[in-house]
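To start, the structure itself, in structure tokens.
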2 protein chains.
Amino acid sequence: MATITDVARAAGVSPATVSRVFNGGRVTPERAERVRRAAADLGFSPNRVAQSLRKQRGSVIGLLIPDIENPFFTALARGVEDAAQQTNLSVVLCNTDEDIEKERRYLGIALAEQMAGVIVAAASRDRTDLSALAARGMPVVAVDRRPRNASVDAVLVDNQHGGEAATEHLLAGGYRRIACITGPAATSTSEERLAGYRDVLRTALHDGRVPAPPTGDPLTAWVRHADFKVEGGRAAMADLLAMDTPPDAVFVANNLMTVGALTALREAGQAPPGFGVLSFGDVPWAALVHPSLTTVQQPSYDLGFTAATLLQERIGGTHTPLRTVVLRTSLKIRASTAGPADGT
Amino acid sequence: MATITDVARAAGVSPATVSRVFNGGRVTPERAERVRRAAADLGFSPNRVAQSLRKQRGSVIGLLIPDIENPFFTALARGVEDAAQQTNLSVVLCNTDEDIEKERRYLGIALAEQMAGVIVAAASRDRTDLSALAARGMPVVAVDRRPRNASVDAVLVDNQHGGEAATEHLLAGGYRRIACITGPAATSTSEERLAGYRDVLRTALHDGRVPAPPTGDPLTAWVRHADFKVEGGRAAMADLLAMDTPPDAVFVANNLMTVGALTALREAGQAPPGFGVLSFGDVPWAALVHPSLTTVQQPSYDLGFTAATLLQERIGGTHTPLRTVVLRTSLKIRASTAGPADGT
DNA sequence: GCCAGTTCTGGAATCGATTTCACGCATGGC
DNA sequence: GCCATGCGTGAAATCGATTCCAGAACTGGC
């Protein structure tokens with residue numbers, strides 16, 4: 001592989017001049033041309049490792065996501081990648097598996113590899129520690145999930161509003177015993193979506209539009225925490241269906257758990273719209289299954305694209321104050337007009 | 001960030017000694033202990049960029065896949081990642097989008113970043129060029145798809161056999177006009193699966209077990225090439241259904257196209273098992289839709305795991321001759337016993 | 001006690017780029 | 001004609017690790 005010194009020798013100039021040709025220094029046109037020709041002849045392309053070492057900054061950005069098998073995150077990753085092309089950075093995808101320990105290791109690698117920056121969908125709101133990166137001045141953007149106590153840019157969706165809209169829509173559809181399956185208590189998205197659900201439900205209980213469940217706190221009796229995975233959603237739904245007074249609808253806080261919930265419903269001989277189901281996030285291949293499933297649409301691609309754009313601005317040296325960009329969700333109504341199975 | 005020199009100073013030794021402590025050189029236990037303590041105190045971790053530069057080999061392996069949104073490839077990526085943990089290499093995921101140009105760029109980056117090795121599911125059988133890597137002695141393993149003219153290790157599945165088993169199974173189910181939707185002609189997987197289909201069909205035609213279509217070559221009349229994506233599968237299926245004598249079953253050469261084909265069928269008011277559908281590769285979330293869909297199971301995780309293991313052996317310096325590992329597919333029969341809609 | 005053979009150790013070279021520094025030369029103003 | 005200014009250039013330092021080499025210290029055999 002040709003090095004910068006080889007090119008310099010071939011062109012009869014010093015390595016410094018070659019470097020200047022490729023990095024916008026001042027070089028007389030005639031020499032620059034000679035250098036370019038020599039570089040082309042030798043098939044020279046600069047050694048990125050040496051560049052990174054010298055510049056103390058690599059040309060790779062790290063993207064830490066909790067679940068590579070979730071289409072939501074792959075769409076997000078695609079957005080990041082497309083945005084990164086603009087400044088020809090490459091993207092390293094790191095799958096943390098919702099595991100704090102794996103996440104910690106990847107953050108260490110990001111430092112040791114002198115990555116240009118990191119975009120992170122944090123595995124935990126409280127325990128994800130970004131301070132080492134901050135100390136080194138490495139640009140970081142949080143995406144989808146907001147880590148507490150971290151002073152970083154963030155790109156999020158309006159989870160609370162989405163949760164409200166979802167619950168409202170189920171109410172408007174005539175459902176009265178609305179449950180909620182949300183994610184781990186340690187992630188911001190779970191909590192905010194749940195908060196949206198609770199706010200609407202509280203109002204509805206107060207109005208008397210909705211009856212309280214026979215036992216327990218009406219705002220927690222029909223709430224289940226699961227793990228954002230298919231199987232967790234299935235188990236939670238099965239648990240809800242086994243109650244003495246089971247719900248007649250459910251707001252599920254992510255796409256994969258919705259798949260699980262639908263499976264559990266099918267096993268119990270139920271299905272939408274007889275049993276109301278509303279998913280936060282597009283259910284993969286839903287069109288195939290339940291063309292009538294209403295969902296809260298997440299702008300997953302745009303989340304990634306925006307995060308990468310922000311990150312690149314920081315890498316470029318912007319010193320604007322911290323920004324939090326909130327992208328809007330929208331309700332994608334595909335519902336048939338049918339209401340709950342047992343009328344009102 | 002602490003450097004090796006800082007540690008050396010703190011421990012009162014030379015940088016060389018520190019390096020030896022961490023790389024298995026001979027150092028007296030007492031000094032080694034002092035170095036380790038100093039390193040721990042300073043939170044030292046070696047700068048991977050400097051390491052890569054000096055060793056002329058990085059600690060990252062590149063994984064080039066054509067479609068990050070396909071669960072087949074994400075499962076494969078997971079296998080690669082798990083295997084890579086063994087030698088603490090990290091994995092860079094590069095999404096080539098079935099685009100030769102993007103692929104070429106990523107291969108260039110792999111060289112410039114001095115990656116330890118590359119695993120590639122080639123975008124094209126003929127036009128993917130791995131020679132530059134070979135020239136630099138960079139270990140490469142081909143996975144899933146076999147690039148022609150490349151002398152590299154490969155990990156594949158028995159596509160031809162899978163295609164045969166699939167077609168046999170449809171025949172055994174009583175279907176008689178069996179179509180095939182395969183992928184781009186430029187990929188080995190498409191061609192091999194199609195070849196399996198054709199072999200079985202040829203025999204069946206010869207036997208008279210299956211009637212020839214009224215017009216055209218019986219081995220091509222019901223064959224469609226698409227792009228391995230959902231929409232391509234939908235269009236191909238719609239095209240088949242619009243024929244004068246439409247097929248009564250279809251063998252679809254990948255999972256995403258099967259989703260598309262099922263959508264097209266639904267739009268035409270048809271569905272399995274009335275219309276036979278057999279997918280090469282697990283259909284994502286199929287359990288939800290058609291619990292009875294039979295598929296050719298791909299060992300996607302193991303493909304990745306095996307490829308990464310082979311690659312690491314090469315990186316470690318094995319000089320065994322080139323190997324091609326073929327993993328077995330298996331037919332996952334979930335079919336109800338119902339046959340074609342129109343009897344026989 | 002001496003010599004040969006190990007074992008440890010630190011100095012310095014090295015990987016391939018970028019960047020600082022100082023110098024030579026041209027230009028222009030007065 | 002002289003000096004200030006500024007551009008273009010190459011030599012050399014630098015980033016942070018690994019590794020070669022030579023020498024120091026130690027061991028054991030006789």
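First the proteins, then the strands, lettered A, B, ... as listed; each starts at 1.
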Practice prompt. Give every residue pair that meets the side chain to side chain donor-acceptor pair (under 3.5 Å) criterion with at least one member in residues 128-139 of chain B, sequence neighbours excluded.
Written response: B/E103-B/T128, B/D129-B/S131

Practice prompt. Check DNA chain D against residues 109-118 of chain A and give the residues with a non-hydrogen atom under 4.0 Å, in numerical order.
Written response: none

Response to the item:
Bend of the helix from C/dG1-D/dC30 to C/dC30-D/dG1 from end-axis comparison, five pairs per end, nearest 10°, comes to 40°

Worksheet entry | Interatomic spacing from CG in B/L156 to CZ in B/R145 - rounded to 0.5 Å | 11.5 Å

Item to complete: Could you check if a side-chain atom of B/R20 sits within less than 4.5 angstrom of a side-chain atom of B/R31, using non-hydrogen atoms only?
Response: no

Item to complete: May I ask you to decide if B/S52's main-chain N or O and B/Q114's side chain share a donor-acceptor pair within less than 3.5 Å?
Response: yes

Any N/O pairs under 3.5 Å between the protein and nucleotides 23-26 of chain C? List them or say none.
none

Worksheet item: NA contact type, B/T3, heavy-atom cut-off 4.0 Å: base, sugar-phosphate, or nothing?
Response: sugar-phosphate

Discussion item. With a 3.5 Å distance limit and no angle check, can you tell me whether B/S188 reaches the backbone of B/R125 through a side-chain donor-acceptor pair?
Written reply: no

Worksheet item: Please, which pairs that meet ring pair (Phe, Tyr, Trp, His ring centres under 6.0 Å) have at least one residue in residues 114-144 of chain A, sequence neighbours excluded?
Response: none

Item to complete: Among residues two or more places apart or on two chains, list those pairs meeting ring pair (Phe, Tyr, Trp, His ring centres under 6.0 Å) that have a residue in residues 99-145 of chain A.
Response: none

Discussion item. Of all nucleotides in DNA chain D that come within under 4.0 Å of a heavy atom of chain B, which is furthest toward the 5' end and which toward the 3' end?
Written reply: D/dG16 to D/dC20

Worksheet item: ring pair (Phe, Tyr, Trp, His ring centres under 6.0 Å): which pairs involve residues 17-54 of chain A, sequence neighbours left out?
Response: A/F22-A/F44

Worksheet item: Do any N or O atoms from the side chain of A/D82 and from the backbone of A/G79 form a donor-acceptor pair under 3.5 angstrom?
Response: no

Worksheet entry | Length of the line joining A/D6:CG and C/dA17:C1', which is rounded to integer Å | 13 Å

Donor-acceptor pairs under 3.5 angstrom involving side-chain atoms of residues 60-77 of chain A: please list them, not counting sequence neighbours.
unit_1, atom_1, unit_2, atom_2, d
A/D67, OD1, A/E69, N, 2.9
A/E69, OE2, B/R78, NE, 2.7
A/N70, OD1, A/F72, N, 2.8
A/N70, OD1, A/N255, ND2, 2.9
A/N70, ND2, A/N255, OD1, 3.3
A/T74, OG1, A/P71, O, 3.0

Worksheet, complete the sentence: Residues at least two apart in sequence or cross-chain that pass side chain to side chain contact (heavy atoms under 4.5 Å, CB included) with B/A307, listed by chain then number, are B/I119, B/V141, B/V143, B/V155

Worksheet item: Touch check for A/F44, heavy atoms < 4.0 angstrom, all strands: base, sugar-phosphate only, or nothing?
Response: sugar-phosphate

Discussion item. Contact list please: residues 53-60 of chain B against DNA chain C, heavy atoms, distance less than 4.0 Å, in numerical order.
Written reply: B/L53, B/R54, B/Q56

Worksheet, complete the sentence: With sugar-phosphate taken as primed atoms, P, OP1 and OP2 and all else as base, the protein-contact string of nucleotides 5-10 of chain C at under 4.0 Å (heavy atoms; B, S, -) is ---SBB

